[in-house]
Amino acid sequence: MKRIVLIFGLISGVISSAMMFLTLPFMHTGAVNFKNGLVIGYTSIFLSMLLVFFGIRTYRENHGGTISFGRGVAVGLLISLISCAFYVASWEFIYYNVMPDFADKYANAEIQALREKGANDAAIAAKKMEMDQMKVMLANPLINAAMTFIEPFPVGLVMTLVSAGILRRRQATKLHAPGPETSTVTIQT
């Protein structure tokens, strides 16, 4: 199990990290912004988590074609955790080294969106306070990492549960169907 989990977890993690780094130039040009970035981000997370399905399937095929739901969940969760670790490490690097002004830009975009919707001054002031609290939390690397972890993990969890359910296969039972080569036994009473 270790080998399969590591292989598929590493591939999934590399995909999620690569997608994150590949979108950076588009963020600087404005092609990826806070409005469409969410869709692009979760699409790349979903694509990387497809490796959970293939990892569980590979485990099943390498173990006699059978896998229980529980074993499938274990394999899938381990693959997801490795992928999430890559995602978190990539974001931490980007946040603190490449885009240290991310929290400010995000806060400004959220406040601007409220203004565009015609929010009153009290709502805007409340949003500013919320964004200031968010900036303080994101400044702490542990909280930042925890908040980042909860982005991909639910996708991996859902993918794990669905894949384990679809791919579970118990030991095949042999059925003896009557055919022309079988004889009929008559019981006399």
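Not measured: the values here are computed from a predicted model.
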I'd like to know whether F34 forms a side chain to side chain contact (heavy atoms under 4.5 Å, CB included) with K105, so could you lay out the CA-CA distance, the side-chain angles of the two residues, the decisive distance to 0.1 Å, and finally the verdict. CA-CA 9 Å; F34 293 111; K105 288 181 178 179; 4.0 Å; yes
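- Around CG of D101, the count of heavy atoms belonging to other residues, nucleotides or ligands within 6.0 Å exceeds 12.
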Run the side chain to side chain contact (heavy atoms under 4.5 Å, CB included) check on M99 and L24 step by step: do they pass? CA-CA 9 Å; M99 294 186 343; L24 279 178; 3.7 Å; yes
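- Going from atom CG of L77 over to atom CD1 of I56 covers 8.5 Å, rounded to the nearest 0.5 Å.
- F54 and I11 fall within the same hydrophobic cluster, where Ile, Leu, Val, Met, Phe, Trp and Tyr residues are linked whenever their side-chain heavy atoms come under 4.5 Å apart, directly or through other members.
- Taken together through direct or relayed side-chain contacts under 4.5 Å among Ile, Leu, Val, Met, Phe, Trp and Tyr, I7 and L51 form part of one hydrophobic cluster.
- No more than 12 heavy atoms of other residues, nucleotides or ligands sit less than 6.0 Å from atom OH of Y106.
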Run the numbers on S80 and M49 for side chain to side chain contact (heavy atoms under 4.5 Å, CB included), then give the verdict. CA-CA 7 Å; S80 295; M49 290 298 177; 4.0 Å; yes
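- If you chain together hydrophobic residues whose side chains sit under 4.5 Å apart, F8 and L78 fall into the same group.
- The backbone N or O of G76 sits less than 3.5 Å from a side-chain atom of T160, completing a donor-acceptor pair.
- With hydrogens and angles ignored, the 3.5 Å screen pairs a side-chain donor or acceptor of R60 with a backbone N or O of L167.
- In this pair, W91 and Y95 present their aromatic rings tilted. The plane angle is within the 30 to 60° band.
- For NZ of K128, the number of neighbouring non-hydrogen atoms (other residues, nucleotides, ligands) closer than 6.0 Å is 12 at most.
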Just do the side chain to side chain contact (heavy atoms under 4.5 Å, CB included) check on F21 and I94 with the steps written out, would you? CA-CA 8 Å; F21 281 104; I94 290 170; 3.6 Å; yes
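- Between I67 atom CD1 and R57 atom CZ the span is 12.0 Å, to the nearest 0.5 Å.
- In this structure, S44 contributes its side chain and G41 its backbone to a donor-acceptor pair below 3.5 Å.
- Rounded to the nearest 0.5 angstrom, F86 CZ and I15 CD1 are separated by 11.0 Å.
- Summarising the geometry of N33 relative to G30, their closest heavy-atom pair is ND2-O, 4.0 Å, with the distance given to 0.1 Å.
- Nearest heavy atom pair, residue V52 against residue M159, reads CB-CG, 3.9 Å.
- At least one donor-acceptor pair under 3.5 Å links the side chain of S17 to the backbone N or O of G13.
- Not one N or O on the side chain of D104 forms a donor-acceptor pair closer than 3.5 Å with the backbone of K135.
- Side-chain contact between E130 and M134 is absent, with no heavy-atom pair separated by less than 4.5 Å.
- Around the CZ atom of F26, the shell of radius 6.0 Å holds no more than 12 heavy atoms that belong to other residues, nucleotides or ligands.
- Side-chain atoms of S16 and S48 form no donor-acceptor pair, as typed in the model, at a separation below 3.5 Å.
- Atom CG of residue L138 and atom OG1 of residue T148 lie 7.5 Å apart, to the nearest 0.5 angstrom.
- Here the straight-line distance linking atom CD1 of I166 with atom CG of L161 works out to 11.0 Å at 0.5 Å rounding.
- Both L47 and V14 sit in one connected hydrophobic cluster of ILVMFWY residues. Membership requires side-chain heavy atoms under 4.5 Å apart, directly or through other members.
- One hydrophobic cluster, built from ILVMFWY side chains closer than 4.5 Å, cannot hold both L50 and F153; they sit in different ones.
- Around the CZ atom of F102, the shell of radius 6.0 Å holds more than 12 heavy atoms that belong to other residues, nucleotides or ligands.
- Note that CG of L142 is 8.5 Å distant from CD of E92, once rounded to the nearest 0.5 Å.
- Side chains of T43 and V39 form a contact here, defined as non-hydrogen atoms less than 4.5 Å apart.
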